[in-house]
2 protein chains.
Amino acid sequence: MAKTPAGGARPPRADARRNQERILAAAREAFTRHGVDASLNDIARRAGVGPGTLYRHFPTREALLEAMLADRYHALAGHARDLAGTAPPAEAVPRWLSAFVRDLRAFRGLATSMKNALYDEGSVLFVSCKEMQVAWDVLVVHAQVAGVVRQDASPADLLRLAAALAWATEDLPEDTTEADRLLDLMLTGVMRG
Amino acid sequence: MAKTPAGGARPPRADARRNQERILAAAREAFTRHGVDASLNDIARRAGVGPGTLYRHFPTREALLEAMLADRYHALAGHARDLAGTAPPAEAVPRWLSAFVRDLRAFRGLATSMKNALYDEGSVLFVSCKEMQVAWDVLVVHAQVAGVVRQDASPADLLRLAAALAWATEDLPEDTTEADRLLDLMLTGVMRG
DNA sequence: GGACTAATCGGAGAGGTTCTCCGGTTGACG
DNA sequence: CGTCAACCGGAGAACCTCTCCGATTAGTCC
């Protein structure tokens with residue numbers, strides 16, 4: 001009672017914090033280079049810690065991913081709110097989706113992890129991107145009210161389709177405009193008449 | 001010269017042929033149950049052969065996949081030719097894509113293998129589904145001439161988008177109509193106005 | 001400035017995987 | 001039947017994930 005201040009645990013020890021950051025840095029590099037299936041063993045070695053240390057800090061691969069991506073999702077949530085306030089819905093929707101797809105193409109396999117998270121409410125990643133999902137929902141509903149997005153396309157549908165697009169283009173060169181071209185195809189429709 | 005008849009190798013030995021079929025049967029079951037990443041070790045064990053035998057018959061996982069799927073691609077090619085002869089393009093394109101997506105949802109990971117094959121001309125799977133691609137090209141070009149498919153959507157684009165759809169819906173129940181709903185969304189477009 | 005204690009470390013190791021190599025076996029054919 | 005090329009299958013190397021626990025060390029109290 002006197003030792004542990006009201007509310008919970010004491011702050012982590014300095015070495016723990018240091019190791020956590022070194023692991024995250026190594027993970028960022030490894031995931032970017034080898035995709036989301038990069039060897040966790042290897043990440044631990046490059047971070048200069050044992051496998052045990054890595055697994056204590058991040059019990060699953062998904063937990064490591066979540067720690068790497070949390071601020072990105074936070075930024076995407078902010079972006080959605082900004083667009084809702086400043087751009088007409090007919091522009092806001094494609095622009096946000098384009099940013100979302102770009103982020104999901106950061107490394108191979110990320111789109112797949114994202115899809116799994118979106119289907120699984122218990123996942124850490126799901127919780128981590130909930131704020132983003134809420135902001136996106138608002139943006140889409142605005143667009144539907146304005147009549148620029150079909151009523152039978154739910155925000156979740158669009159997220160899933162965008163993830164699919166990121167998946168479909170994930171091994172194309174990073175700076176390609178191919179993803180945006182296919183996104184446009186998807187949004188405006190393939191069939192005519 | 002006298003022993004090996006002109007043109008190549010003699011037919012495989014009976015035990016070889018038998019093992020090949022047992023491996024294929026075990027693979028079909030394992031892939032259906034556990035997805036495309038099922039353990040090859042396990043497949044060999046269930047087929048009643050050693051790992052060496054499996055790897056001699058099918059040097060890579062992709063070779064095994066190809067052997068399993070070749071006739072399916074052949075059937076899809078036939079389906080495309082049939083539709084080109086019997087259905088108006090505005091119906092033929094969605095119907096064939098729907099069948100393609102259904103087949104790609106046969107087991108988890110198949111869409112990913114397909115995507116990798118479509119990007120890699122050297123792959124066994126690529127060669128194996130070339131006939132299908134050709135038939136599909138014809139169908140799409142007809143539809144473009146008839147003005148029901150956008151000119152800037154290439155047959156390869158549509159294939160890739162359909163694979164993406166299969167990926168996006170691969171862990172939904174097998175008998176769902178969700179995939180067709182999203183396919184319709186994609187073909188007719190999300191945005192209005 | 002020590003000494004104590006709980007948090008933290010990191011490597012050994014179990015159990016899984018892919019894939020190769022090679023001595024023993026067997027089907028097919030003269 | 002005998003011969004031999006084709007074929008088999010398991011041992012094993014090299015990787016992976018993940019756990020456990022004895023050794024270490026940061027932070028605190030005197």
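Just so it is clear: chains get the letters A, B, ... in the order the sequence lines come, proteins before strands, and each one is counted from 1.
- OP1 or OP2 of D:dC7 has not a single side-chain nitrogen or oxygen of B:N19 nearer than 4.0 Å.
- Nucleotides of DNA chain C nearest to B:R18 and B:D42 differ in position, and the one nearer the 5' end is that of B:D42.
- Side-chain proximity of A:L40 to D:dC18, C:dT20, C:dC9: nearest is D:dC18.
- Inter-residue side-chain proximity for A:L64 and A:L24 is flagged as met; some heavy-atom pair is nearer than 4.5 Å.
- Closest to the side chain of A:N41, from the set D:dC7, D:dT19, D:dC16, is D:dC16.
- With rounding to whole Å, A:R22 atom CZ is found 14 Å from C:dT8 atom C1'.
- Judged by closest nucleotide on DNA chain D, B:T53 is the one of A:A38 and B:T53 placed further toward the 5' end.
- B:Y55 has its OH atom 15 Å from the C1' atom of D:dA11, to the nearest Å.
- Residue A:H57 places at least one side-chain N or O under 4.0 Å from the OP1 or OP2 atom of C:dC9.
- Atom CG in B:D15 sits roughly 5 Å away from atom P in D:dC8 (whole-Å rounding).
- The pair B:R181-B:D184 does not meet the salt-bridge criterion, since no charged nitrogen lies less than 4.0 angstrom from a carboxylate oxygen.
- Distance NE2 (B:H34) to C1' (C:dT17): 14 Å, rounded to an integer number of Å.
- The CZ-P distance, from A:R45 to D:dT17, rounds to 10 Å in whole Å.
- For the pair A:K115 and A:W167, the cation does not sit on the ring face, since its NZ or CZ is not both under 6.0 Å from the ring centre and inside 45° of the axis.
- Remark: C1' of D:dC16 and CG of A:L64 are 16 Å apart, rounded to the nearest angstrom.
- The distance between atom CG of B:L54 and atom C1' of C:dT17, rounded to the nearest whole Å, is 14 Å.
- When heavy atoms are screened at a 4.0 angstrom cut-off, A:R56 is found touching base atoms of the nucleic acid.
- Panel note: side chain B:R108, backbone B:H34; a donor-acceptor pair is recorded below 3.5 Å.
- Applying the 4.0 Å criterion to OP1 and OP2 of D:dT17, one finds that A:S39 has a side-chain N or O inside that range.
- Residue-level contact check: A:P59 touches neither bases nor backbone, having no heavy atom under 4.0 Å from any strand.
- Counting distance only, with no hydrogens placed and no angle test, the side-chain atoms of B:R13 and the base atoms of C:dA28 include no donor-acceptor pair under 3.5 Å.
- Following rounding to the nearest Å, B:F58 (CZ) and C:dT20 (C1') show an atom-to-atom distance of 18 Å.
- One finds a salt bridge joining B:E131 and B:R81 here, because a Lys/Arg side-chain nitrogen approaches an Asp/Glu carboxylate oxygen to under 4.0 Å.
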